[in-house]
Amino acid sequence: MTIQQVATEAGVSPSTVSNLLNGRNHRMLPETRQRIERAIDKLGYRPNRAARQLRTGRNTTIGLVVPSVGNPFWGALARHLESAALAEGYHVLLCNSERDPRRERDYVDELWADGVHGVVLCSSLPSLEHVMPLVERGLQLVAFDRTSQAGDPASLVSISVDNAIGSQLATQHLTDLGHRRLAFVSGALASVNRKERYRGFTAGLEQAGIDPETSVRAPVKGDADDFGDVEASELGRAAAAELLALEEPPTGIVAINDMCALGVCRGLRDGGLEVGKDVSVVGFDDIVLADLYAPTLTTVRQPMKEMAAAAFTQLRSRLDDSGPTQGQSLLFRPELIVRESTAPPS
């Protein structure tokens, strides 16, 4: 379906239809506008975005590459980012990478080939070398859930919660309750955010006068680089079984994220223990399931809506040439949300 066909149906010129589609209708008679809109509805016309981009030189589509929407945290980010984008006339294309650098590179290559020159990348990998060729060609990149690292491009925008502070808050909450035998459950510490959260855990122990060497970090099975968020619940469940088999099991557990924490809770129940009574568990992210699970999960909340809005604003300003060209690092403050999964040791 073409603009010419819409124009014929409405009894107007193609340029009049184009004016309406591109928002240049402030001088158009209401009757004319209504005829065009009725014709568009009747014929099912949809504007050709590629053609519009050629005419205007502007693409209103951005890319979002997340590890996996199997983790509700990333689904929430996608929803909030899309909401911010739609409010400004932009659209979002979603890709799931499983934190595989090759998949990230392939997705970004495809987006670039389709004329998408702005991407929010949520891998948290230490190096962005795999996407650097496109950054050098003009790709505008916002790194989400990843603080700035040595070797990053000068134009990179980094947006993250303060993961170390968040994990320290979780650990301090448990030590304030009286827990002294604590464990940290995570996949391999290969990503920037995981390293930061583990650093916060050890800082929380030291703050309470506990030697980090006496704490427990549950063993990780499998290839460290292949572990994605989708399996986090299974990792947590398996880790709980291993921790319970220790001669002195921990009374408090800090999990790398909420999905992992929920798996830990399941594993503790498998072992006949009661979460929040026999063992306390703290997650990270405050996904929607955290407040629906029984017992409700104590966790560290990320200000997701504000972070998503900042990611879109930073990306749009660079695509529109209305913002700074130098890189920027935005660090948001986390918040501890205390619920039923934590209590003083019995």
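Quick note: residue numbers are just sequence positions, from 1. This is a predicted model, so every value here is computed, not measured.
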Minimum-distance pair of heavy atoms, taken over all atoms of [X] and [Y]:
X      : Y      : result
Leu331 : Val161 : CD1-O, 3.6 Å
Thr147 : Asp152 : O-OD2, 4.4 Å
Asp145 : Ser124 : O-OG, 3.0 Å

Using only heavy-atom distances, determine whether the side chains of [X] and [Y] contain a donor-acceptor pair under 3.5 Å.
X      : Y      : value
Thr251 : His179 : yes
Ser13  : Thr16  : yes
Gln140 : His117 : no
Thr298 : Thr342 : yes

Polar side-chain atom of Ser233 near backbone of Met259 as donor-acceptor pair, under 3.5 Å: no
For Ser186, the option from Arg197, Lys195, Arg194 that meets side-chain contact (heavy atoms from CB on, under 4.5 Å): Arg194
Would you mind checking if [Y] and [X] are paired as a salt bridge, meaning a charged N to carboxylate O distance below 4.0 Å?
X      : Y      : result
Arg79  : Glu82  : no
Asp291 : Arg339 : yes
Asp270 : Arg266 : yes

Separation of Leu169 CG from Thr299 OG1 (nearest 0.5 Å): 11.5 Å
With sequence neighbours excluded, residues passing salt bridge (charged side-chain N to carboxylate O under 4.0 Å, His left out) with Lys42: Glu9
Listed partners of Thr32 passing side-chain hydrogen bond (donor to acceptor under 3.5 Å, both in side chains), at least two apart: none
Whether Phe144 and Phe73 hold their rings parallel, tilted or perpendicular, with breakpoints at 30° and 60°: tilted
